[in-house]
Amino acid sequence: MTQVSMTVNGKAVSGDAEGRTLLVQFLRETLNLTGTHVGCDTSQCGACVVHVNGKAVKSCAIFAAEVEGAEVTTIEGMANADGSLSKVQQAFQDHHGLQCGFCTPGMVMSATALLGENPNPSEAEIRAYLEGNICRCTGYHNIVKSIMAAAGQDTSKIAAE
Amino acid sequence: MPKDGGIGAATPRREDVRFLTGNGKYTDDINVRGQAYVHFLRSDIAHAKINGIDTSEAEKMDGVIRVFTGADFEAVGSIPCGWQVTDRHGEAMQEPRHPVLAHGKVRHVGDPICAIVAETYEAARDAAEAIDLDLEELPAVVDMKEAVKDGAPKVHDELTSNLCYDWGFVEDNRAAVDEAIKNAHHVTTLELVNNRLVANPMEPRVAVGDYDRSDEEHTLYTTSQNPHVIRLLMGAFVLGIPEHKLRVVAPDVGGGFGTKIFHYAEEAFVTFAAKELNRPVKWTASRSEAFMSDAHGRDHITKIELALDKDNNFTALRTETYANMGAYLSTFAPSVPTWLHGTLMAGNYKTPLIYVNVKAVFTNTVPVDAYRGAGRPEATFQLERVVDKAARELGVDPIALRRQNFITEFPYATPVAVEYDTGDYNATMDKLTEIADLSGFEARRKESEARGKLRGLGLNCYIEACGIAPSNLVGQLGARAGLYDAATVRVNATGSISVMVGAHSHGQGHETAFPQVVADMIGIDASQIDIVHGDTARTPFGMGTYGSRSLAVCGSAMVKATEKIINKAKKIAAHLLEASDEDIELADGQFTVAGTDKSVAWGDVTLAAYVPHNYPLEDIEPGLEETAFYDPANFTYPSGAYACEVEVDPDTGKVTIERFAAADDFGNIINPMIVSGQVHGGLAQGIGQALLENCAYDEDGQILSASYMDYAMPRADDVPFYSVDHSCQTPCTHNPLGVKGCGEAGAIGSPPSVVNAVLDALNAAGHDVPHLDMPLTPSKVWDAMNKGA
Amino acid sequence: MYAFDIERPTTIADAAKALSGEAQALGGGQTLIPTLKARLADPGTLVSLSGISEMQGVCMSDAGEVCIGGGTTHATVAAEATAYPALAETASHIGDPAVRNRGTIGGSLANNDPSACYPAAALASGATIITNAREIAADDYFQGMFTTALDEGEIITEVRFPVPEKANYQKFVQPASRFALVGVYVAKYADGVRVAVTGASEEGVFRWTEAEAALTSNFSAEALDGLSVSADGMIGDLHGSADYRAHLVKVMTGRAVSAAA
């Protein structure tokens with residue numbers, strides 16, 4: 001066990017970690033931030049995506065020790081300062097971009113990262129960017145629509161509710 | 001126009017806020033103080049005799065609390081099967097024992113042999129490697145047709161063969177169907193495989209067992225679509241725990257799609273071990289573990305023959321299906337290829353004679369059970385493929401052939417024992433023609449061809465039976481439980497309402513849609529109403545969420561209970577208003593004496609019920625809480641028509657979905673936004689089955705697609721925006737909401753149109769390919785173009 | 001995972017020292033960590049290379065080569081290897097965005113997954129793999145599936161890519177893993193064309209020399225018309241037969257030639 005320290009959602013935190021302790025375990029088990037989920041063991045589903053120093057990473061494929069000193073943002077840190085939903089979060093609610101909610105934290109983190117890199121992505125760019133985020137409920141229709149809406153695009157012409 | 005927040009409103013989901021902020025509470029988020037962790041040592045051999053298990057080294061290791069083996073469960077019941085099928089000859093199906101931990105033999109890769117409980121998960125895994133297993137490998141049976149041959153190795157030595165049952169339906173029709181096919185003007189024959197799938201909800205299964213010595217109560221936290229069913233099965237059949245000493249809690253559930261209906265060995269283990277060890281015990285499946293322990297879906301091999309007369313009317317249909325049960329009978333497995341499949345073989349068509357034969361087979365594979373649609377996708381796929389093939393053979397338009405044979409008068413009693421109450425199949429086909437822009441297809445095909453791509457159009461109809469179902473009927477058919485549901489409406493003194501329901505959302509938005517109904521009935525804001533679900537200690541005994549049944553069955557119970565509430569509240573209002581009960585009207589949360597301006601508000605009436613100072617105590621009891629159980633009179637029969645357009649890259653065989661349109665008839669709609677979302681998700685799963693997903697085994701019983709590295713889950717760039725419509729509405733005639741259910745339609749209705757579209761593209765380009773089995777991988781499509789199908 | 005310690009050296013020299021024992025190098029971890037989860041590796045000590053700043057970044061050598069530090073992530077290559085657009089484009093399609101933010105070129109080349117993209121890019125570009133001990137030509141470096149010329153404990157500190165006149169990489173993805181079912185990297189240099197194929201062969205990345213000869217004399221997709229690839233030694237699995245992979249090699253080569261810029 002060694003002690004690791006980092007900033008999570010703007011707050012300095014530290015805790016014990018083994019070499020093999022993954023960031024997602026540190027978040028869920030040490031910090032009790034259970035919004036970040038684990039949906040696979042081959043680093044493909046993306047339910048565990050968080051931001052490390054502003055970049056989307058899979059917290060199941062990085063050791064806590066590697067994040068020493070870094071700025072980490074999780075889904076718990078995504079709402080606005082006044083507690084209201086962020087633009088991306090709000091768009092997901094408005095456009096029914098989630099069902100069971102399990103992949104949702106990773107989707108929101110990836111979508112937010114995408115809009116940071118590319119504020120006005122096309123439908124194809126959104127779909128390509130979500131390659132590492134698997135959703136089994138929504139068929140992606142409303143996720144893509146939510147992200148387009150969060151980017152300020154007119155989604156009224158997209159078929160159906 | 002629907003009132004904002006009531007029936008028909010596209011109300012945003014209230015549960016989303018917690019899911020979007022990381023505040024959802026899933027089973028793996030639950031940690032009980034002092035918990036230990038279990039790791040299951042699973043067989044990596046498909047079929048073997050267990051000659052010995054030496055756990056002595058493992059038990060000595062740091063952090064290991066105890067290692068359990070099958071011997072520890074000899075006095076414990078078998079994991080039960082909830083449905084008994086009677087075969088063609090009137091005999092009960094063969095039903096093997098399903099131990100919590102393998103005993104004597106292992107029967108599939110993933111069969112749990114030992115359970116290691118330790119202080120940490122990693123310590124348990126370390127200890128698993130120190131267990132010395134003496135397994136004597138036996139020949140595995142994987143192929144169903146091989147499994148039923150004389151002399152095949154037996155999965156269960158105590159059974160006479162690997163045949164679970166040989167079911168005929170309707171057996172009395174058999175000779176007439178044979179005769180009709182023999183004498184038919186034209187018979188279209190198709191042999192096909194309905195590929196084995198893994199449900200893959202994004203949340204893997206988790207179970208936490210706890211035991212409280214003070215009141216001798218067990219608690220199981222589990223990822224379940226139906227906590228009451230788990231309590232019933234595990235308590236009564238496996239562990240012998242009476243219901244009042246067993247609480248099952250399923251908090252937020254991260255998707256299920258059927259695979260979280262069933263009672264699993266891991267649930268029984270953690271419940272058992274928590275008492276044995278006087279420690280809470282937690283199990284969290286890895287995805288790799290899920291691939292070999294979650295019940296799989298589909299896996300049928302079918303031969304279907306459709307007979308037509310000289311005018312292209314369907315005259316008879318005969319099918320022979322081999323249905324894989326896997327190594328053990330999962331909870332509802334026997335019902336899937338029979339009562340959820342055979343009864344749907346009429347589809348949307350007035351075929352007068354139908355005979356369905358199903359041979360359910362044990363193999364050395366993971367158990368197979370219901371997966372989104374369960375039996376109905378298998379029925380729809382074979383029927384809609386054979387109709388399409390018939391149209392091609394006869395040179396007729398596939399839509400015209402379907403329309404010509406549609407059932408048009410309702411109610412309609414099929415020759416396979418069900419009665420459709422309502423439907424309008426021409427209306428959904430008309431709607432599909434419009435939303436899919438079928439008239440623009442040829443222009444789009446030319447445009448694709450100009451880019452060097454082959455374009456195809458495929459479509460199909462579907463019918464499903466859901467909202468399962470009348471208990472007396474399913475009882476006759478072999479169900480070992482009722483299939484009603486229940487709701488308790490608890491009105492609080494200030495007028496807010498808790499509705500405790502037996503259904504349990506695992507993504508369907510019950511917390512939003514159910515209050516819309518109650519809000520509409522009473523005329524109060526939906527925010528005053530909360531749904532309580534997923535906890536046997538807090539909800540009445542209901543059967544849970546599957547088979548698109550929540551609103552049709554549990555929602556109906558909720559309506560009935562709310563009606564009781566309103567009736568009683570009217571009596572209280574009448575007393576307060578000094579009027580007669582019959583004269584009281586309820587609208588917008590106000591009780592009014594008809595024809596007067598005398599009224600009293602909902603909140604005043606509810607307060608009076610709990611502060612009964614001025615109250616008709618001689619006539620009615622104080623309080624305002626009612627329970628209703630609802631057992632439907634029939635299944636509901638959603639239906640629809642789907643169309644898919646694909647492009648095929650002739651150089652690589654890669655198929656892309658260019659357009660997908662779905663016109664559904666779900667009867668009345670409570671929240672259209674949620675309904676569309678349900679269809680979208682089903683479509684992606686159906687497209688996944690058609691193009692991507694396949695749980696493949698090799699001949700030794702090893703799973704070849706046991707992780708996301710080889711099991712292709714649909715991604716965002718595999719699918720397009722879908723065009724969905726549910727404006728065709730023929731309300732269900734026998735439930736109070738007129739609803740039919742929408743959860744499974746997309747997965748049922750989409751695979752045939754995808755396959756029909758790819759075959760259309762290939763045939764239009766001059767490749768004579770009568771059929772391809774799913775998934776239509778690029779390699780397979782390329783082979784079909786270059787080597788023949 | 002088995003238990004192990006993590007060391008985080010900040011210099012190549014310290015990393016080399018740390019790796020002299022039983023330890024294993026950890027690049028971005030995007031392949032190694034899933035491998036550890038499956039308990040397919042038991043390294044004792046992992047030496048993380050992500051904190052070594054002298055192994056990070058993209059620059060140009062005096063000879064006009066694009067030089068990429070071994071610890072540079074795919075995302076950084078995609079953004080910064082602008083002097084070699086085909087390489088940047090290749091990097092921008094490895095894995096998914098989160099993987100590209102962690103996975104490194106050194107890690108990918110050291111692992112030499114038979115379906116990875118970078119081995120094709122390095123081999124087709126005639127890149128030089130620079131380690132803490134020596135320089136290795138790509139033609140000598142790749143030695144079969146998951147096998148390279150690296151010695152135990154040797155660290156890829158930099159990869160140097162000569163910039164071609166034209167190049168392109170075409171990846172036909174395996175639908176589940178999204179690795180290359182077949183990927184073909186074509187690079188046209190003044191002294192000839194190099195074609196490297198990943199995903200297809202049981203021997204890992206390889207050069208398709210017949211295509212190189214044909215394309216060197218005529219750099220157009222039509223130059224491939226008379227050629228065929230033998231299915232012998234090609235991978236056949238759930239996702240595609242050996243015949244199919246052999247066919248795709250030619251299709252993807254043609255597409256890469258047509259798209260080369």
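So that the names make sense, note that chain A is the first sequence line, chain B the second, and so on, each numbered from 1.
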For the pair B:Tyr26 and A:Phe102, name the ring-plane relationship: parallel under 30°, tilted 30 to 60°, perpendicular over 60°. perpendicular
Is a side-chain N or O of A:Tyr140 found less than 3.5 angstrom from the main chain of B:Asp718, in a donor-acceptor match? no
Which region of B:Val719, side chain (C-beta onward) or backbone (N, CA, C, O), has a non-hydrogen atom less than 4.5 Å from a non-hydrogen atom of chain A, or is it both or neither? both
Interface check, chain A: of B:Ser505, B:Pro720, B:Gly682, most non-hydrogen pairs under 4.5 Å belong to B:Pro720
Could you look at B:Ser288 and say if it's the side chain, the backbone, both or neither that has a heavy atom under 4.5 Å from chain A? both
I'd like to verify something: which residue of B:Glu122, B:Arg18, B:Glu203 has the highest number of heavy-atom pairs under 4.5 Å with chain A? B:Glu203
Side chain to side chain contact (heavy atoms under 4.5 Å, CB included) partner of B:Asp16, chosen from A:Gln89, A:Gln93, A:Gln99, A:Gln90: A:Gln93
If one checks every heavy atom of B:Gln678 against chain A at 4.5 Å, the contacting part turns out to be both
When you measure from the side chain of A:Arg28 to the backbone of B:Asp28, do you find a donor-acceptor pair of N or O atoms at a distance under 3.5 Å? yes
Residue part contacting chain A, namely of B:Ala290, when any heavy atom lies under 4.5 Å: neither
Which portion of A:Val38 sits near chain B, non-hydrogen atoms under 4.5 angstrom: backbone
Using a cut-off of under 4.5 Å on heavy-atom pairs, state which of A:Gly101, A:Cys100, A:Gly35, A:Ala47 scores highest against chain B. A:Cys100
Quick check on the interface: out of A:Leu130, A:Asp41, A:Thr42, who has the most heavy-atom pairs with chain B under 4.5 Å? A:Asp41
Should A:Ile134 and B:Arg715 count as side-chain neighbours, where that means a heavy-atom distance under 4.5 Å? yes
B:Met713 portion near chain A, given a 4.5 angstrom heavy-atom threshold: side chain
Name the member of A:Val108, A:Leu98, A:Asn32, A:Ile126 that forms the most heavy-atom pairs with chain B at distances under 4.5 Å. A:Leu98
Check whether any side-chain heavy atom of A:Ser43 sits under 4.5 Å from a side-chain heavy atom of B:Tyr708, and report yes or no. no
Please classify the contact between A:Thr138 and chain B as side chain, backbone, both or neither, with a heavy-atom cut-off of under 4.5 Å. backbone
Does the side chain of A:Arg136 reach to within under 4.5 Å of the side chain of B:Pro714, using non-hydrogen atoms? yes
Has A:Arg127 got its NZ or CZ under 6.0 Å from the middle of the six-membered ring of B:Phe721, at an angle within 45 degrees of the ring axis? yes
Which atoms of A:Glu29 approach chain B - backbone, side chain, both or neither, heavy atom under 4.5 Å: neither
Let me know if B:Asp252 has heavy atoms under 4.5 Å from chain A in its side chain, its backbone, both or neither. neither
Heavy-atom cut-off 4.5 Å, strictly under: side chain, backbone, both or neither for B:Ile674 against chain A? both
Give, as side chain, backbone, both or neither, the part of A:Leu85 having an atom under 4.5 angstrom from any heavy atom of chain B. side chain
Keeping B:His680 on the side-chain end and A:Gly139 on the backbone end, is there a donor-acceptor pair under 3.5 Å? no
